[in-house]
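The block underneath contains the structure these notes are about, expressed in structure tokens.
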Amino acid sequence: MGKRKGNNRNAKSAQPSASKTAASTPNSSTNSNGLSDENQKLLELARKAKLASESELEEFKSILMDEYSKEYDEKKANMDQELEAEKKARKKEFEDLLKKEHEEAVAENERLQKEVGDLEKKISSLEKNAEKIENEQKKILDGAQKEAGGIIEKAKKEADKQNEELLKAIKDKKKELDEREETIEDREIELDGKERALKIKEKRVQKQALIYENANPDAVASLEKALELRANQLESVRHEFEEAQMELNKIRIRMIRSEGVSPEELQQENDALRKKIEELEDKCSRFTQQQLNEMLAAYESKDEWLTQIRNLQNDNAAKGLELTRLNNSICEYEQLKAQLDLLRTLNEHLRAELNNTKRMLESNVGEICPALTAIDVDESANTGDSYVRFGERQSSKNEGITNLKGLVDHVRRYAAAQSKPLYYSEQDMRAFIAGLAASPLSILQGMSGTGKTSLPKIFCEAVLGEICVVPVESSWRDRNELLGYYNDFSKKFTAKEFTCNLYRAGCERYEDTIYFIVLDEMNLSRVEYYFADFLSVLEDKKENWVIRLVDTDMRQLPTEITEEVIKAIEKDKSDEARELEEIVSKLYPENNTLSDDANSTVSGGDKLKLIKYLADKRFKNKTKTRSLVGGPQHLIDGKTIRIPRNVWFIGTANRDESTFEITDKVYDRAQVLNFNTRATGTRLDAEVPRIFLTYGELSKMFMNATNSKNCAFKAEESELLKEIESILKSSFRISYGNRIQDQMNIFVPVYIAAGISAANGRIDEKMKTTLINEAIDFQLTNKVLRKLEYEELSKEAAQKLRAIFERNGLVRAKDFIDWKTGGIEN
């Protein structure tokens with residue numbers, strides 16, 4: 001090969017020699033080509049040398065390729081031998097290691113089995129003793145309970161029996177006494193009547209005796225006998241009456257004794273009755289017999305008089321009711337008259353107010369949305385809380401957080417260093433941050449007191465973000481409860497706290513600030529009702545995230561036009577400028593001040609045309625502090641609000657009888673994080689400073705994670721997800737939608753990046769696999785398996801899913817299956 005190289009060099013050196021020879025013989029003869037014979041010979045020699053060199057070069061290439069191929073085969077064979085030897089050595093080493101570990105595992109297994117056997121014996125012995133003691137206690141307790149129950153039941157029956165007998169005796173006695181009292185009262189009334197009749201007859205006999213005293217002696221004797229007979233009868237009746245009275249007194253004494261009346265009380269009552277009898281006898285003695293007869297006749301006709309009295313009382317009551325009704329009617333009439341007068345006065349007052357308001361509104365002057373305009377004023381001022389927070393963010397630049405793993409550590413350390421520390425596991429913090437990357441809507445749900453609302457708060461504190469907590473009310477039924485109301489009468493828009501914070505987040509001072517809006521207890525009302533517009537809009541591209549607040553332009557004309565505007569319109573030679581010039585002359589006729597009477601000459605359309613021109617040209621007021629056009633400055637066309645890209649919506653939710661079930665429509669669009677237990681930890685004594693992490697820096701971290709080859713993940717290519725999906729499809733007809741797949745393709749890479757830092761551009765593959773399975777576990781449990789919450793799992797499907805989850809370390813998914821099949825909560 002060296003010889004050939006030398007020949008090649010000699011062939012090449014022949015050319016300059018020939019040229020030199022030809023140049024040295026200028027007097028040689030020439031041929032038809034204009035070359036001398038010597039030069040022609042030299043040319044032929046050069047051509048032959050060239051052909052020889054080309055053939056030698058090809059031969060050289062062939063030989064070189066053969067040598068390289070041979071050398072390559074030799075090196076490959078040597079490397080294969082070395083690899084085979086190293087493979088055998090590694091295999092032997094690995095087999096020895098496995099054998100050693102297997103022997104150790106067998107020994108450990110035997111030791112554990114022995115311990116398990118001893119423990120099982122102890123447990124069996126303890127269970128037998130416990131069962132024996134429990135049976136004895138149960139027998140004693142059952143015997144005592146049975147004996148106590150028998151005693152109680154017997155005592156209860158005896159008491160009920162005695163009570164029944166006593167009640168029956170009392171009822172019978174009372175019935176007997178009532179009957180005897182009624183009989184005695186009847187006999188007493190009868191005796192009273194007989195006594196009165198005898199007295200009347202006695203008086204008549206006495207009168208007759210006076211008449212016949214000097215008359216027939218036989219008749220007188222007969223009358224005396226009859227009178228004596230009547231006296232005997234009266235005495236007999238009086239005797240019966242006294243006996244009956246005595247019997248009545250005895251009965252009354254018995255009743256009094258049965259009722260527990262003392263003899264002293266009885267004596268007092270008897271004295272009172274005797275005194276009353278004496279008073280009655282004294283009253284009777286004051287009247288003559290004729291008067292008593294008249295009284296008796298009146299008494300006998302008392303029923304008739306009582307009937308008349310009752311009739312009169314009824315008539316009087318009816319007339320009284322009629323009178324009351326009439327009085328009420330009069331009062332109602334007076335009240336209605338007073339109310340009518342009041343309503344007339346109020347109507348006149350409201351009409352005057354309406355006219356004033358109408359005049360004010362028709363002039364298109366005044367703030368339609370004072371709340372949003374106030375935010376513009378605050379954000380342009382160099383004082384106030386907003387300015388102070390802006391300055392704090394500018395002076396706290398991020399110099400320590402360079403990746404998502406550092407962000408997780410910073411937030412956890414900041415939370416643990418608070419005076420009242422908060423603890424969150426690494427998994428939950430990674431899932432929360434990955435959820436922010438996957439969706440602008442997150443739902444934190446679980447038990448009360450586990451730190452759901454505190455998590456976004458402490459996150460914003462740690463990175464100097466902004467947060468607003470909006471309590472959701474159970475009465476919310478539509479978007480107006482969340483955004484605000486427009487009053488057609490007053491022409492005012494009342495912006496709610498949610499709208500104000502959404503508007504503030506889009507201002508210049510907050511455009512690069514992480515901004516959380518928390519819907520606290522978001523499922524107290526139906527989310528798909530009041531949050532429906534946002535659920536639809538957030539599905540679109542970020543540049544299309546807009547919500548219309550009102551149908552009218554909320555910007556207002558300035559009260560005073562500037563010379564800058566007038567000069568700009570005069571300089572413009574377009575037809576539109578001439579129209580605007582005419583509108584300005586009508587609205588600002590004197591001293592460039594808005595006229596109060598401009599409403600009659602300028603239409604609403606012309607006013608809006610001028611407002612749009614002033615807003616598009618961004619004219620400032622005289623002091624150059626704010627826009628010349630009034631009203632909210634950051635609304636699109638004065639009526640539509642843009643959802644800033646730096647805003648995340650975070651909802652907290654409890655699941656109890658006072659809340660509504662969150663539907664699949666909401667769950668599919670949101671990232672869900674469950675808080676079932678309260679995390680624990682150790683408080684950090686060192687102070688952890690707050691660092692301003694901008695929205696741009698966080699977005700860049702998310703983008704780097706999703707584009708990184710180290711964190712690459714495609715849900716549609718995952719064999720684990722395909723295996724799980726096939727079971728869910730065949731058993732429950734449940735599959736992953738495109739939305740869930742897209743969110744997984746962002747969530748998993750960000751979760752990986754938040755859990756591990758790449759060293760020298762590489763990461764540990766075993767750790768990566770663990771993080772991938774953890775991320776899949778979160779997404780699978782919270783977004784897919786939760787759809788099986790009210791489905792009945794077959795034993796076969798549950799066993800298949802459990803086996804897959806156990807094999808891949810999907811702890812949350814396995815707990816869900818255990819809960820479904822075991823009937824107990826996690």
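Just the heavy atoms: all of them, side chains too, but no hydrogens, waters or symmetry mates, feed the values below.
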### Side chains of T494 and Y486, donor plus acceptor under 3.5 Å
no

### Side chains of T769 and N773, donor plus acceptor under 3.5 Å
no

Kindly give the heavy-atom pair with the smallest separation between [X] and [Y], and that separation in Å.
{"X": "I772", "Y": "I752", "value": "CG1-CD1, 3.3 Å"}
{"X": "S448", "Y": "N654", "value": "N-OD1, 4.1 Å"}
{"X": "E543", "Y": "R642", "value": "O-NH1, 3.0 Å"}
{"X": "I375", "Y": "C507", "value": "CG2-SG, 4.1 Å"}
{"X": "V750", "Y": "A437", "value": "CG2-CB, 3.8 Å"}
{"X": "D512", "Y": "G696", "value": "OD1-N, 3.0 Å"}

### Message
Within the 4.5 Å heavy-atom criterion, are V527 and Y529 side-chain neighbours or not?
### Response
no

### Message
On the six-membered ring of F531, is R479 placed so that its NZ or CZ lies under 6.0 angstrom from the centre and within 45° of the ring axis?
### Response
no

### Query
Are R430 and Y751 in a cation-pi setup, meaning NZ or CZ lies under 6.0 angstrom from the ring centre and within 45 degrees of the ring axis?
yes

### Message
With salt bridge (Lys or Arg N to Asp or Glu O under 4.0 Å) as the criterion, how do E774 and R812 come out once you've worked through the C-alpha distance, each side chain's angles and the decisive distance to 0.1 Å?
### Response
CA-CA 9 Å; E774 283 183 6; R812 293 170 180 79; over 6 Å; no

### Query
F516 vs F459 aromatic rings, parallel, tilted or perpendicular, using cut-offs 30° and 60°?
parallel

Are more than 12 heavy atoms, taken from residues, nucleotides or ligands other than [X], located less than 6.0 Å from that residue's [atom1] atom?
{"X": "D385", "atom1": "CG", "answer": "no"}
{"X": "R733", "atom1": "CZ", "answer": "no"}
{"X": "K787", "atom1": "NZ", "answer": "yes"}
{"X": "K729", "atom1": "NZ", "answer": "no"}
{"X": "K457", "atom1": "NZ", "answer": "no"}
{"X": "M703", "atom1": "CE", "answer": "no"}
{"X": "E789", "atom1": "CD", "answer": "yes"}

Any salt bridge linking [X] with [Y]? Criterion: basic side-chain nitrogen under 4.0 Å from a carboxylate oxygen.
{"X": "E716", "Y": "K722", "result": "no"}
{"X": "E426", "Y": "R412", "result": "yes"}
{"X": "D637", "Y": "K639", "result": "no"}

Is it true that a side-chain atom of [X] and a backbone atom of [Y] form a donor plus acceptor pair closer than 3.5 Å?
{"X": "T770", "Y": "K766", "value": "yes"}
{"X": "N646", "Y": "I514", "value": "no"}
{"X": "N544", "Y": "D540", "value": "no"}
{"X": "N674", "Y": "G446", "value": "no"}
{"X": "N523", "Y": "F660", "value": "yes"}
{"X": "T652", "Y": "E521", "value": "yes"}
{"X": "Y515", "Y": "L502", "value": "no"}
{"X": "T499", "Y": "A495", "value": "no"}
{"X": "K820", "Y": "L793", "value": "no"}
{"X": "Y503", "Y": "I641", "value": "no"}

### Task
Go through the steps to decide whether D409 and R413 satisfy the test salt bridge (Lys or Arg N to Asp or Glu O under 4.0 Å), and finish with yes or no.
CA-CA 6 Å; D409 295 339; R413 291 176 64 250; over 6 Å; no

Quick check, are the ring centers of [X] and [Y] under 6.0 angstrom apart?
{"X": "F432", "Y": "F778", "answer": "no"}
{"X": "F493", "Y": "Y485", "answer": "no"}
{"X": "F713", "Y": "F747", "answer": "no"}

I need the [X] [atom1] to [Y] [atom2] distance, nearest 0.5 Å.
{"X": "E392", "Y": "F692", "atom1": "CD", "atom2": "CZ", "value": "10.5 Å"}
{"X": "Y530", "Y": "R477", "atom1": "OH", "atom2": "CZ", "value": "11.0 Å"}
{"X": "I467", "Y": "I517", "atom1": "CD1", "atom2": "CD1", "value": "10.0 Å"}
{"X": "I433", "Y": "S442", "atom1": "CD1", "atom2": "OG", "value": "11.5 Å"}
{"X": "L780", "Y": "L785", "atom1": "CG", "atom2": "CG", "value": "4.0 Å"}
{"X": "T513", "Y": "L693", "atom1": "OG1", "atom2": "CG", "value": "10.5 Å"}

### Identified side-chain hydrogen bond (donor to acceptor under 3.5 Å, both in side chains) counterpart of Q743 within the set K783, Q779, R669
K783

### Task
Apply the side-chain hydrogen bond (donor to acceptor under 3.5 Å, both in side chains) test between E466 and each candidate in R389, R509, R504; give the one that qualifies.
R389

### Task
Could you please spell out the steps behind the salt bridge (Lys or Arg N to Asp or Glu O under 4.0 Å) verdict for R526 and E661?
CA-CA 8 Å; R526 292 194 179 277; E661 187 74 21; over 6 Å; no

### Query
Checking side chain to side chain contact (heavy atoms under 4.5 Å, CB included) for the pair V537/I643: CA distance, chi angles, key distance, verdict?
CA-CA 9 Å; V537 167; I643 302 175; 4.0 Å; yes

### Task
Evaluate the criterion ring-ring contact (aromatic ring centres under 6.0 Å, His included) for residue pair F498 and F534; output intermediate values, then yes/no.
CA-CA 12 Å; F498 178 91; F534 290 86; 5.3 Å; yes

### Query
E723 and K800: salt bridge (Lys or Arg N to Asp or Glu O under 4.0 Å), yes or no, with the steps?
CA-CA 10 Å; E723 185 180 5; K800 289 181 180 179; over 6 Å; no

